[in-house]
Amino acid sequence: MLDLRLPDHGVYCDLNVPSDNNTVNTKNKVQMLISLGYGVIALSTEMPSTTKTGKTKGKENYPQPQPPVVLDQDVKDQLKRDKRRVLVLTRITIEMENNEDAIKVRSILLNSKFDIVAVRPKNDKMFLNCKDLPIDIICMDSAAEKMPFIPKPNLIKQVVGRNVYFEFNYSPMIRDDVIMQRTIMNGLRVAEAGKGKNVLLSSGALVPMELRGPRDVGNMSMLMGVQQNRAIDSVQKNARSVVVHAYTRVTAKSAAVIQYSPLEEGTKRSSNQDLPEAKKVKLNA
């Protein structure tokens, strides 16, 4: 990873800010997000399917992360006065339409040049592959097209169980009413199968004017069936979990999960009836 820092708890995140050679536009979007209160921003690079590029395996040059954004001095001074820390990450979004695209995903995961790895499956077969790939995000936005497949609830549950998040972009919804309807319909399907968990809302904004504040984005997630008490998680808790997942994917060799289990009513903590005989003797001594 290019930046191994983890974001603080409670920060707002936008994990899909398209970046290109227009560095001025990218900088303006980043500074707009900072002014709106975001603390984690991911600059995304798109990688189309080999079906569209016409390039075969071994002949394609993988994209490189965009260079760091240089903020204006007045923005830096304001961050210093507010004692705020802004984390700018890199991300790649890979369109998956065939097996060669799946090979590209595995290759990019091994290279680890991008902080966050996201995929956009275009059919049932590629969505099925997602449950076996150590990716961070599955993009579910319908863009200008009707979604070419309907994800099965069982697969959605498996993906949620692996702590992978489903992302929807809100800026295309602002641009087009038809896209809004399709995105909301897809979001309802995912939220119903996943019980409202692991839903992530990002901007996908092309220009700064398409960006919205964290609370407004959280309210949009309720249109997709997310409960009100979990609405802000789509730009806060869930988004931070994506960054942590990306961090551990690269740095962790193994992991242990510790889960707190409260005692059942009527159970005495000091009871030693279930202990081995050696332990009972030691406790009664």
Side-chain angles (χ1 to χ4, degrees), residues 6-18 29-30 32-42 44 84 86-87 89 91 93 116 118 120 135-143 147 150-151 153 155-206 208-246:
L6 288 178
D8 298 327
H9 289 277
V11 298
Y12 299 119
C13 312
D14 188 342
L15 299 185
N16 188 18
V17 180
K29 287 188 288 186
V30 170
M32 174 66 79
L33 287 168
I34 292 174
S35 68
L36 290 172
Y38 290 87
V40 178
I41 301 165
S44 62
R84 288 177 56 195
V86 175
L87 185 61
L89 305 174
R91 158 184 166 165
T93 304
I116 297 173
R120 182 179 292 110
I135 55 177
D136 306 310
I137 296 173
I138 297 178
C139 305
M140 300 297 292
D141 52 307
S142 58
M147 194 168 183
I150 300 176
L155 284 178
I156 293 176
K157 291 178 182 178
Q158 290 181 44
V159 172
V160 170
R162 292 185 59 251
N163 202 31
V164 178
Y165 285 76
F166 294 95
E167 180 189 65
F168 299 89
N169 291 330
Y170 66 81
S171 290
M173 297 168 58
I174 297 174
R175 299 184 210 121
D176 191 289
D177 291 339
V178 175
I179 293 179
M180 176 182 290
Q181 294 174 4
R182 291 173 179 167
T183 304
I184 291 174
M185 185 167 52
N186 295 335
L188 288 171
R189 188 179 295 122
V190 171
E192 181 180 359
K195 298 182 179 179
K197 300 178 181 179
N198 291 42
V199 174
L200 175 70
L201 245 65
S202 303
S203 67
L206 300 179
M209 292 302 295
E210 293 179 346
L211 298 169
R212 296 294 182 270
R215 294 291 174 180
D216 293 334
V217 178
N219 291 335
M220 290 183 193
S221 68
M222 290 191 290
L223 298 174
M224 303 177 184
V226 178
Q227 298 178 2
Q228 184 175 4
N229 59 340
R230 289 180 177 175
I232 198 63
D233 290 349
S234 60
V235 291
Q236 193 177 62
K237 180 181 177 181
N238 293 354
R240 184 183 186 275
S241 296
V242 170
V243 179
V244 174
H245 182 271

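- With sequence neighbours left out, Asp136 forms a side chain to side chain contact (heavy atoms under 4.5 Å, CB included) with Ile116, Val117, Val242, His245, Ala246, Arg249.
- With sequence neighbours left out, the side-chain hydrogen bond (donor to acceptor under 3.5 Å, both in side chains) criterion links Asn16 to Ser44, Asn169.
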(message) One pair to check against side chain to side chain contact (heavy atoms under 4.5 Å, CB included): Val40 and Arg240. What are the steps and the verdict?
(response) CA-CA 8 Å; Val40 178; Arg240 184 183 186 275; over 6 Å; no
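- Sorted by first and then second residue, the salt bridge (charged side-chain N to carboxylate O under 4.0 Å, His left out) pairs with a member in residues 6-18 read Asp8-Arg85; sequence neighbours excluded.
- Within the structure, the side chain to side chain donor-acceptor pair (under 3.5 Å) test picks out the following pairs touching residues 211-239 (sequence neighbours left out): Tyr12-Arg215.
- Applying the side chain to side chain contact (heavy atoms under 4.5 Å, CB included) test to Glu192 and every residue at least two apart in sequence or in another chain returns nothing.
- For Arg162, there are no side-chain hydrogen bond (donor to acceptor under 3.5 Å, both in side chains) partners at least two apart in sequence or on another chain.
- Applying the side chain to side chain contact (heavy atoms under 4.5 Å, CB included) test between Leu15 and each of Leu201, Leu200, Val235 identifies Leu200 as the sole match.
- With values rounded to the nearest 0.5 angstrom, Ile179 atom CD1 is found 15.0 Å from Tyr170 atom OH.
- With sequence neighbours left out, the side chain to side chain contact (heavy atoms under 4.5 Å, CB included) criterion links Ser171 to Arg175, Ser203, Ala205, Glu210.
- A distance of 10.5 Å separates OG1 of Thr183 from CE of Met140, quoted to the nearest 0.5 Å.
- Formation of a donor-acceptor pair under 3.5 Å by the Lys29 side chain with backbone atoms of Pro18 is found in this model.
- In terms of the side chain to side chain contact (heavy atoms under 4.5 Å, CB included) criterion, residue partners of Ile184 (sequence neighbours excluded) are, by chain and number, Met173, Met180, Leu188, Leu223.
- Note that the CD1 atom of Ile138 and the CZ atom of Phe166 stand 4.5 Å from one another [nearest 0.5 Å].
- With sequence neighbours excluded, no residue satisfies side-chain hydrogen bond (donor to acceptor under 3.5 Å, both in side chains) with Asp176.
- Put simply, the side chain of Ile156 does not reach to within 4.5 Å of the side chain of Asn198, judged on heavy atoms.
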(request) Test Gln181 against Met185 for side chain to side chain contact (heavy atoms under 4.5 Å, CB included), laying out the working first. (result) CA-CA 6 Å; Gln181 294 174 4; Met185 185 167 52; over 6 Å; no
